[in-house]
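Since the structure comes first, as structure tokens, the remarks are kept for the end.
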Amino acid sequence: MIRSLINRSLQGHLQALIQAGQLPDAAYPPMQCEAPKQPDHGDLAVPFALGAARIAGMNPRALAELLVERLRQDPLIASVEIAGPGFVNLRLSPTAYQQALNAVLNSAGQSVLRDAGHFGRPSCEKPERINVEFVSVNPNGPITIGSGRGAAYGSALCNVLQAAGHTVHREYYINDGVNSEQMRQFALSVRALKLGTEFPEKGYKGDYVQAVADQIEPQGDPDVIWWQQEAQALMLQRQRRDLETFGVAFDTWFSEQTLHDSGRVQACIDELEAKGIADRQPVRRSLKLGKKGVIEDVIVEDQPVDEDDAAGSEPTVWLRSTKLGDDKDRVLRRKDGRLTYIAGDVAYHDDKFNRPANADRLITVLGPDHHGFIGRLNAVVAAMQMSFLQQDQLEDTTKDQAQTGEFVFMNLPDLGSGGELEGLEASAQEQGHLFVDLDRFLIDTGLVKLVPERLAKLHNAIPVKKDGMTLWVAMENPKNREAIDQIQQASGCDVRPVIAHPTAIENAIRKTYTTDSEGEPLSEIDAKRYVSPAERDACQAAAKDAESKLLVQIYQLVRFMKDGQPAPMRKRDGNIYAISDLIEEIGAQAAPQADREEQVRIGRDVARFFYLMRHHDTTFDFDLDLAARQSDENPVFYVQYAHARIEQVLRRAREEAGSLYPDSNAVNGGLAATARDLHEREKQLLLQVCALPDEVALAAEDGAVNRLTNYAMELARAYHGFYDTCRVIDTDAPEVSQQRLALCVAARTALQGVLELLGVSAPLRMDRPAAPSE
RNA sequence: GCCCCGGUAGCUCAGUGGAUAGAGCAGCGGCCUUCUAAGCCGUUGGUCGGAGGUUCGAGUCCUCUCCGGGGCGCCA
């Protein structure tokens, strides 16, 4: 935040130098400052001259000289010097610190999650609606300490994305499909325990199964499905409660079975077949991958057609996911008619994109055992988003289109601005086609791509005539009634929505109005999985597009360590280690004297913080002994203690020196009134406080939530250092005292902010642990 | 066979292409009659697994390689 203040100023200086002709006008990298590694290098360092020297054709030090000359006049900067090969090191003026501090104080008492004006929220260049799915385990057991990592990571990721300015939807997918074998086994286990019938061979054991059985009261003799639904409902209840205790809440608990019940799954399979991306050919393709995912070969295996089955059953329906980059084709419907898990996934992802408040982007958080899912999920999204293929027809279209003269075009925002679009418009009009500019209709053009009638006809849509004209609208989301009505009203035409992949249509248009070749012919390997170059291009475009719409975040394994040894994931009594057990154990050991509620709070704080300490895509050892230790080594307490210390100081200030600290407004005003050179520790603390929005932005950018635990520790360190050196409450020096109180409030604001994002509490006080008796 | 992750101080790990690679713990030595010592300060400790390459500059990017951890091969 303080950096963006300076960065703005730096950019201004750069522009001024260019305008004054002191620097050649060229494409320089942005001039930005960074935190120097060594404190004696100043408050901030600007490495700009190093990178820009070559572009400007000057040596770095000479360029740095130019900068220094201007920077000396900047009121935010106290001193400047050139160091090393061409670094410009800055020391900030009291004014700069003051401005920064006041900006932070304005956020005191606010929530970084809910208050958009909070200083810790970076400015978001492109706010998106993001659906984040996480945890999503089968409802046949409690949330384990393994999935605990996904729960902690997913929930913190959501917080970070939200603070970064996005609209986040937290979602849990319930794998409650009635034809799931695992769930059937679970139901049978519960029934056996309840009725004393024979226990299934692959049954589920453990106290929690018994607990579920105890709660079920069967009337009459219900079937297995009934048992399954009862059992999973109860298990889900437990999961939900445990997750809540762990500080994890969802906006939507989405049931897989509802997709089957409503027929959506079957409808999606039909749609995929109509598109030509799924079929019933008795073959399966798989990709032979070499290093770096290069496709070395496509293996086509014939699938046996069993004569005996032929009578009553239908052929297997295959999703040709190899066309979309997955390493093998996937079964959507088995020949006995059962729908596969992936078939449900197709409908589920389709649903996520087609809700009233649909998502721009999906993030799915999965565990290490789901690593192989990335390719198939991407294929699933690509398949549903892509246009109807029917390869031979598509080829046809591109050849014949130019002669039909039956096009209606609408503005195609994806084609970009300027010449290219105007060129298309001109050539369309030359040939007597109508070009409709959506901007004139004031419609959200992001929803609408374009309308080539003949192409649309091939997409199985039915024409409607009005004044001899039909408007075919190719949309990414053809179920958006609101948008369709809007277009209908604005254009005065009948509107037919068509689902179509924008890139495929864009290519078709290009081919019609340019003399470009029809693309590279199929390579020998590609000929084994694609019918035509057009199909290849459409599939690859769809797969690439899917990659930008679905981000799969895989978190790596956690190893729990006890006494320096890996601890088993089961407890001694054979029960699964649940996240609730972990919370209770840590709480009980770390605070044996506290009441239960307090122990749960402590257990949750420690567990969450520990899970989040390492990058999610890295295996890490969860040190159970350290987690349960109530000492200086435990980083959670180190951070929380900093907050408790601040609270203590502020309490004391109110009690003992009320004149210094009548209310927070006075602290604010008192600070603005005075300017003095800050103590080195004060500067370090304030700089650290001001780094919060930068950290949030970086964490949101690549999902690296662990940055914030590091930040929290550094911030706490800065505060502890300040606290030990700088006396806050001092009635003999009221002005300094007030400034330091303000600094405390600022530090508290940042600490509360980062802890809120991590889902860890900020305690008002922490009593010293009793000294171990000798 | 392929994919993902890791290899940095004795241990656990930080380290957006930039200056002399940093913390914590462990070791050693200091600091409580002043806001909570769950704290602070000083100090010891390094061929960043190895080899090439990219460039003004590489722990960071690319290629190859060695050693660990995990995963995948119509089960969801």
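Per chain, numbering begins at 1; letters A, B, ... match sequence-line order. Quick caveat, the model's predicted, so the values are computed rather than measured.
Using modelled atom types and a 3.5 Å distance limit, the side chains of A:S737 and A:D730 yield no donor-acceptor pair. Side-chain polar atoms of A:R681 and A:T725 form a donor-acceptor pair below 3.5 angstrom. A side-chain donor from one of A:S761 and A:R601 sits under 3.5 Å from a side-chain acceptor of the other.
Stacking annotation: A:Y641 is not stacked on the base of B:G39 (requires ring centroids less than 5.5 angstrom apart and an interplanar angle below 30 degrees).
Across all strands, A:G177 comes closer than 4.0 Å to no nucleic acid atom at all (heavy-atom distances). A:L289 comes within 4.0 angstrom of the backbone, heavy atoms only, and of no base. A:Y638 comes within contact range of the sugar-phosphate backbone alone, with a heavy-atom separation under 4.0 Å but no base atom that close. Backbone-only contact: A:P368 has heavy atoms under 4.0 Å from sugar-phosphate atoms and none from a base. At the heavy-atom level, A:A642 lies nowhere under 4.0 Å from the strands shown. Among the protein residues, A:C726 comes within range of the nucleic acid bases, having at least one heavy atom under 4.0 Å from a base atom. Note on A:F373: a base of the nucleic acid sits closer than 4.0 angstrom, heavy atoms only. Using a 4.0 Å heavy-atom cutoff across all strands shown, A:N89 reaches at least one base atom of the nucleic acid. When heavy atoms are screened at a 4.0 angstrom cut-off, A:R681 is found touching the sugar-phosphate backbone but no base atom.
Phosphate contact (OP1/OP2 of B:A38, side-chain N/O of A:R765, threshold under 4.0 Å): absent. For B:U36, the OP1/OP2 oxygens have a side-chain nitrogen or oxygen of A:Q648 closer than 4.0 Å. When the side-chain nitrogen and oxygen atoms of A:R717 are compared with OP1 and OP2 of B:A23, none of them lie within a distance under 4.0 Å. For the pair A:Y723 and B:A37, the criterion of a side-chain N or O lying under 4.0 Å from OP1 or OP2 is met.
Taking the six-membered ring for Trp and the full ring otherwise, A:F254 and A:Y348 have centroids separated by under 6.0 Å.
When rounded to the nearest whole Å, the span between CZ of A:R707 and C1' of B:G15 equals 9 Å. Between the C1' atom of B:U36 and the CD atom of A:Q640 lies a distance of 15 Å, rounded to the nearest Å. We find that CE of A:M766 is positioned 13 Å from P of B:A37, with the value rounded to whole Å.
B:C75 and B:G7 have their P atoms separated by 37 Å, given to the nearest Å.
Taking 90° from 0 as the syn/anti boundary, the base of B:C32 is oriented syn.
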